[in-house]
Amino acid sequence: MSELKVYNSYAREKQVFTPITPGHVGMYVCGPTVSGESHLGHARPYITFDVVYRYLTYLGYKVRYVRNITDAGHFEEEGREAEDKVSKKAILEKLEPMELVQKYTNLFHWAMQQFNTLPPSIEPTATGHIVEQIGMIQEIIRAGYAYEVNGSVYFDVKKYAASHDYGKLSGRVIEDLLETTRDLEGQEEKRDRADFALWKNAAPEHIMRWQSPWGVGFPGWHIECSAMATKYLGSQFDIHGGGMDLMFPHHESEIAQSTICNHVAPVRYWMHNNMITIDGKKMGKSYNNYITLTQMFDGSNPVLTKAYHPMVIRFFVLQTHYRSTLDFSNDALQASEKGLRRLWDAYEALEKMGQQSTGGAQAGDAAMDEKVLRLVNEFDEFMNDDFSTAKVLANMFELVPVINSMKDKTIPVTALSAATFERLLTRFRLYINDILGLKSVTEADNDRLQGVMQLLIDIRKEAKSRKDFATSDKIRNQLTALGILLKDEKDGNTSYTFD
RNA sequence: GGUCCUUUGGCCGAGUGGCUAGGCAGAGCUCUGCAAAAGCUCGUACAGCGGUUCGAAUCCGCUAGGGACCUCCA
């Protein structure tokens with residue numbers, strides 16, 4: 001089997017993945033800011049890195065997956081209102097800040113569950129790690145790379161850049177950064193405009209505030225990730241993931257802080273997912289063009305022509321490579337919906353055949369046998385090539401006609417050797433469930449409904465055997481009108497699906 | 001303005017210089033009481049111009065369009 005290669009944003013190339021500690025992987029992914037509801041764009045990194053997590057686990061690594069919850073809030077506009085998102089919203093909604101944060105955290109967890117993402121190993125909150133953040137800031141001051149002004153602490157970027165490669169991750173030139181003109185209040189506190197806040201003095205109206213060596217305030221927005229990653233993964237860890245839009249300044253600053261504090265570059269492999277766009281533009285709050293996850297699930301956003309099942313969205317995301325932009329459209333989602341259903345139907349048929357069949361020791365159709373084996377074995381190859389889920393899915397779709405033909409007996413099951421059939425079944429099952437993390441879209445029907453359906457199917461079958469097509473068609477047509485589709489299978493059975 | 005990325009068939013999207021990914025939609029056929037589903041067959045696309053090469057969607061240059069970051073951002 002080939003080696004796992006990961007595209008490292010820091011090096012701008014695919015590199016063979018070698019963990020620091022053999023057999024173990026430390027992975028940190030920037031989590032949500034729970035000052036509001038998550039939207040479709042947010043779903044992408046969590047689905048992407050969920051698959052990364054699942055795949056690394058499949059490869060046999062013991063993975064510690066850390067994903068933070070940013071509940072401390074950051075500046076709306078630095079210095080302007082001296083108010084962070086969380087506290088501002090809290091006043092509007094007449095809620096305690098922590099109550100608000102809890103509400104959106106719960107909503108986030110619920111959505112992640114809908115997407116069938118595995119919970120991270122550790123999900124630390126920023127508010128729960130104020131002590132660690134303060135400790136880290138003190139360390140940076142002690143090292144001489146930060147300075148205090150009026151109860152705020154800033155990181156000295158110019159000094160850092162003199163001996164370190166600030167800007168390498170995001171491809172920025174330090175001179176340009178120093179020149180960038182941007183007039184904001186509070187800017188004059190900084191020695192240089194490229195400097196960023198490690199700790200901010202809190203104005204009286206600021207609700208979220210903590211005691212610190214520099215007075216009452218709150219942490220700057222990069223320090224939490226550095227502090228929590230260091231605490232749970234060590235000074236240097238394997239993978240850091242997040243959206244491309246976080247490369248600068250967030251990740252760049254994270255590198256600087258951690259490097260000064262821990263005397264070593266914090267991350268071996270930086271991974272960044274691309275954006276979800278809508279009409280070619282990045283979906284995001286600044287553009288006010290986002291669709292929240294609950295809206296996606298219930299179809300309540302005006303942009304949507306219908307509701308989309310979370311699994312359809314997951315599938316939609318996985319059909320594209322994570323480093324490409326993914327354009328949202330109803331047409332694209334609906335294509336995914338149909339595609340996923342077709343894929344899942346074939347998978348279920350495969351499971352059913354697995355219960356009875358088998359081929360012999362020899363393949364009845366050597367070419368077919370070989371093709372199936374190749375398609376199935378390529379799953380790992382594609383995943384090893386920087387997690388090409390799109391290609392894995394393409395191969396799965398190539399297997400669909402083979403599976404369906406065996407189900408319809410157009411191709412005898414014995415075309416494949418017993419060993420190949422077994423491999424097809426186990427690999428397909430492993431990938432669709434455990435690695436891609438897909439699930440059935442159809443609602444889990446309850447026993448009573450199943451009984452009713454079976455009754456109708458039996459009545460219709462009897463009618464058909466009497467050639468009473470009026471009755472049989474009535475049953476089927478009425479059910480179709482209700483959104484239940486009856487299908488007479490080739491084997492004489494009748495199956496049904498819900499719209 | 002600076003830095004970087006991108007442009008693939010009706011739509012969405014893979015694409016490692018040579019062997020036309022895949023999905024959705026569409027057409028035809030087979031199967032079928034009729035449907036539906038399924039199976040088979042069909043579209044030879046790579047923004048434009050020029051260059052490198054025996055050979056380019058894939059490398060280089062120019063032109064045009066789109067986008068991202070530089071500010072909170074997944």
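Just so you know, these numbers use all the heavy atoms, side chains as well, and skip hydrogens, waters and symmetry mates. Below, chain A is the first sequence line, B the second, and so on; all start at residue 1.
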Sugar-phosphate only, base, or nothing, as touched by A/Lys281 at under 4.0 Å among non-hydrogen atoms: sugar-phosphate
Residue matched to B/G55 through Watson-Crick or wobble contacts both under 3.5 angstrom: none
Nucleotide of B/G22, B/G39, B/C34 approaching A/Arg460 most closely (side-chain heavy atoms): B/C34
Residue matched to B/C4 through Watson-Crick or wobble contacts both under 3.5 angstrom: B/G67
Selection from B/C24, B/G13, B/G33 that lies nearest to any side-chain heavy atom of A/Thr320: B/G13
Sugar-phosphate only, base, or nothing, as touched by A/Lys282 at under 4.0 Å among non-hydrogen atoms: base
Identified side chain to side chain donor-acceptor pair (under 3.5 Å) partner of A/Lys14 from the options A/Asp386, A/Asn8, A/Asp385: A/Asp385
Sugar-phosphate only, base, or nothing, as touched by A/Met396 at under 4.0 Å among non-hydrogen atoms: nothing
B/U44: pairing nucleotide in any strand, Watson-Crick or G-U under 3.5 angstrom: none
Sugar-phosphate, base or nothing in reach of A/Arg342, heavy atoms under 4.0 Å: sugar-phosphate
Greater than 12 external heavy atoms within 6.0 Å of A/Glu351's CD: yes
Which nucleotide in B/C24, B/G39, B/A74 has an atom nearest any side-chain atom of A/Ala335: B/C24
First encountered from the 5' end of RNA chain B, between A/Glu489 and A/Val173: A/Val173
Nucleotide forming a Watson-Crick or wobble pair with B/G39, both distances under 3.5 Å: B/C29
Nearest-nucleotide pick for A/Lys487, side chain only, options being B/C24, B/A37, B/G13: B/A37
Out of B/G15, B/G33, B/G2, whichever nucleotide has its closest atom nearest the side chain of A/Arg172: B/G2
Donor-acceptor pair, side chain of A/Asn301 and main chain of A/Val303, under 3.5 angstrom: yes
Whole-Å gap separating P (B/C72) and NZ (A/Lys200): 11 Å
Nucleotide nearest A/Leu326 when distance is taken to its side chain, options B/A74, B/G13, B/G22: B/G13
Under 4.0 angstrom between A/Lys464 side-chain N/O and B/G33 OP1 or OP2: no
Nearest-Å distance for atom pair CD1/P, residues A/Ile276 and B/U6: 19 Å
Sugar-phosphate, base or nothing in reach of A/Gly280, heavy atoms under 4.0 Å: sugar-phosphate
Nucleotide of B/C72, B/G22, B/G15 approaching A/Ser286 most closely (side-chain heavy atoms): B/C72
Closest listed nucleotide, where the reference is the side chain of A/His321 and the choices are B/G15, B/C69, B/G23: B/G15
Donor-acceptor pair under 3.5 Å, A/Asp327 side chain vs B/G13 base: no
Base B/A74 to side chain A/Arg44, donor-acceptor N/O within 3.5 Å cut-off: no
Touch class at under 4.0 angstrom, heavy-atom based, for A/Gln334 against every strand present: nothing
Nucleotide of B/G22, B/A74, B/C69 approaching A/Ala394 most closely (side-chain heavy atoms): B/G22
Shortest side-chain distance from A/Lys285, nucleotide among B/C12, B/A38, B/C72: B/C72
Pair A/Phe115 and A/Phe297, ring centroids less than 6.0 Å apart: yes
Lys/Arg N to Asp/Glu carboxylate O, A/Arg342 vs A/Asp345, below 4.0 Å: no
Modelled atom types, side-chain donor and acceptor of A/Asp327 and A/Thr277, under 3.5 Å: yes
Base-pairing assignment for B/A21 (Watson-Crick or G-U wobble, both under 3.5 Å): none
Sugar-phosphate, base or nothing in reach of A/Asp488, heavy atoms under 4.0 Å: base
A/Leu333 CG - B/C24 P separation (whole Å): 15 Å
Neighbour count >12 (heavy atoms, 6.0 Å) for atom CZ, A/Phe428: yes
Sugar-phosphate, base or nothing in reach of A/Phe469, heavy atoms under 4.0 Å: base
Between B/A74 (P) and A/Glu37 (CD): distance, integer Å: 13 Å
Sugar-phosphate, base or nothing in reach of A/Ser472, heavy atoms under 4.0 Å: base
Nucleotide forming a Watson-Crick or wobble pair with B/A14, both distances under 3.5 Å: none
